[in-house]
Amino acid sequence: MEHYTIRDVEVFVTAPNSIDLVVVRVQTNKSGLYGLGCATFTQRADAVKQVIETYLKPFLIGKNPANIEDIWNITNVSGYWRNGPIVNNALSGIDMALWDIKGKIADLPVYELLGGKSRDGVALYRHTDGSSKEEVVEDIHKAINEGYQHVRCQLGMYGGAGTNDTGLISKKMKGAEGLEKKRHPDNLREGQYFDTEAYVKSVEELFKYIRSNVGENIELIHDIHERVPPIEAIKLAKKLEKFNLFYLEDPFPPEQLEWIKMLREQTSTPIAIGELFSHPNDWKHLIISQQIDFIRAHISAIGGITPAKKLAILGEIFGVRTAWHGPGDISPIGVAAHFHIDTSISNFGIQEWTPMNQELKKVFPGGPIIKEGYAYLTDAPGLGIDFCEEEALAYPPRNKIPEWTLARIYDGTAVKP
Ligand code: GCO
Ligand code: MG
């Protein structure tokens, strides 16, 4: 058996879709044999890069890339403090790259290393949105024509439309669906404002309109995005029960998961949570006590493929399916990693998919085939996707806090975004 060693670890931050993406490339002693990984924590991209370059790279050079499990565990404990999103993303970049290398050495796609195909295509959902219910239904019809059988439906993204282009809400503002938003105090501070109550009222209206205009033959998802007081989320979940959602996402933030017991007692609307999780204690109790139906982890924020496959297995044992987080702030390498796990596990639920622009496709050639609401992996070895450094240089990182995270409610109070 040929002996390989890690020769170099490189980190690139690029923004082909105007979102900072963190790419890791692990080079081996065999010329041309390298692995790619996603370490994208877009709101803290540079911090992740520093962790890899300063701490992980010197430690990894000379190591045998085959020992993925050991490398994950020893780098995870190497900082003593652990299970946070910045270091986990750094571990993820390395971890995915090592799985990519192992697949290339074996001349097998990663899903084969994970147990082979449990399905022939990965069912996807895409986002639909609009600033009126009519616009949302129009977008849903478009998605159906594209072949999607599952769609996420938001009215004005999270918390309802209503910010003017300066991000500041003027005093008396028409919210989604003509719902009056509350008047603000004077001297409003900067922020992305939304009105909790107007939002909750607008969502029931939205789903009533969707079901009466689109019917029952489409699976609907809605993301509360942890933006409302817990009791409001329970109220909303009960109101939405009659619309037969595929799942309702993030009713509560990770800091207030104890509310889920009350929610479970009052509604059977399927619940999905997890994109903000980074610590095993975030998901362990929730899954073991069957308090969620879908685990929505952001794979790089928990540390990559190695922990994600274990999380999927825990879910399988307790009847919880996967719905990995797949927004625009994950690189196509992370997306490919999703699909390899989705293709092989038995408890796959659904996969969030954010269509790629041409710039992304140039920077990340190869990858899965997306067709009529399904993703199909090729038989290319490893993760089956590449990275073009020259192209990436054309899209320098932004390195700034995205405005949408600076969420405030009508009186200026900062809230979870
Ligand atoms: C989703 C998410 C995203 C996040 C974003 C954070 O369900 O796709 O909620 O939209 O807000 O990924 O950076
Ligand atoms: Mg979400």
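Each ligand, and each atom within it, is numbered from 1 in the order the structure gives. Every heavy atom of this structure was used, including side-chain atoms; hydrogens, water molecules and symmetry mates were not.
If you look at His298 next to ligand 1, there are no close heavy atoms at all, none under 4.0 Å. No part of Phe41 comes within 4.0 Å of ligand 1, judged by heavy-atom distances.
For Phe12 and Phe387, the distance between ring centers is under 6.0 angstrom.
For the pair Arg264 and Asp293, the salt-bridge criterion is met [side-chain N within less than 4.0 Å of a carboxylate O].
Between the side chains of Thr306 and Glu69, not a single donor N or O lies within less than 3.5 Å of an accepting N or O. Between the side chains of Asp379 and Tyr111, at least one donor N or O sits under 3.5 Å from an acceptor N or O.
The angle Glu249:OE2 - the Mg ion (ligand 2) - Asp223:OD2 amounts to 90°, with values rounded to 10 degrees.
Restricting Glu275 to its N, O or S atoms, the one at the least distance from the Mg ion (ligand 2) is OE1.
The protein heavy atom nearest to atom 8 (O) of ligand 1 is Glu352 OE2, 2.5 Å.
Between Asp329 and ligand 1, at least one N/O pair is under 3.5 Å apart. Remark: ligand 1 and Trp404 share no N or O pair separated by less than 3.5 Å (distance only, no angle test).
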Tell me, with the steps shown, if Phe243 and His222 meet ring-ring contact (aromatic ring centres under 6.0 Å, His included).
CA-CA 11 Å; Phe243 304 119; His222 181 70; over 10 Å; no

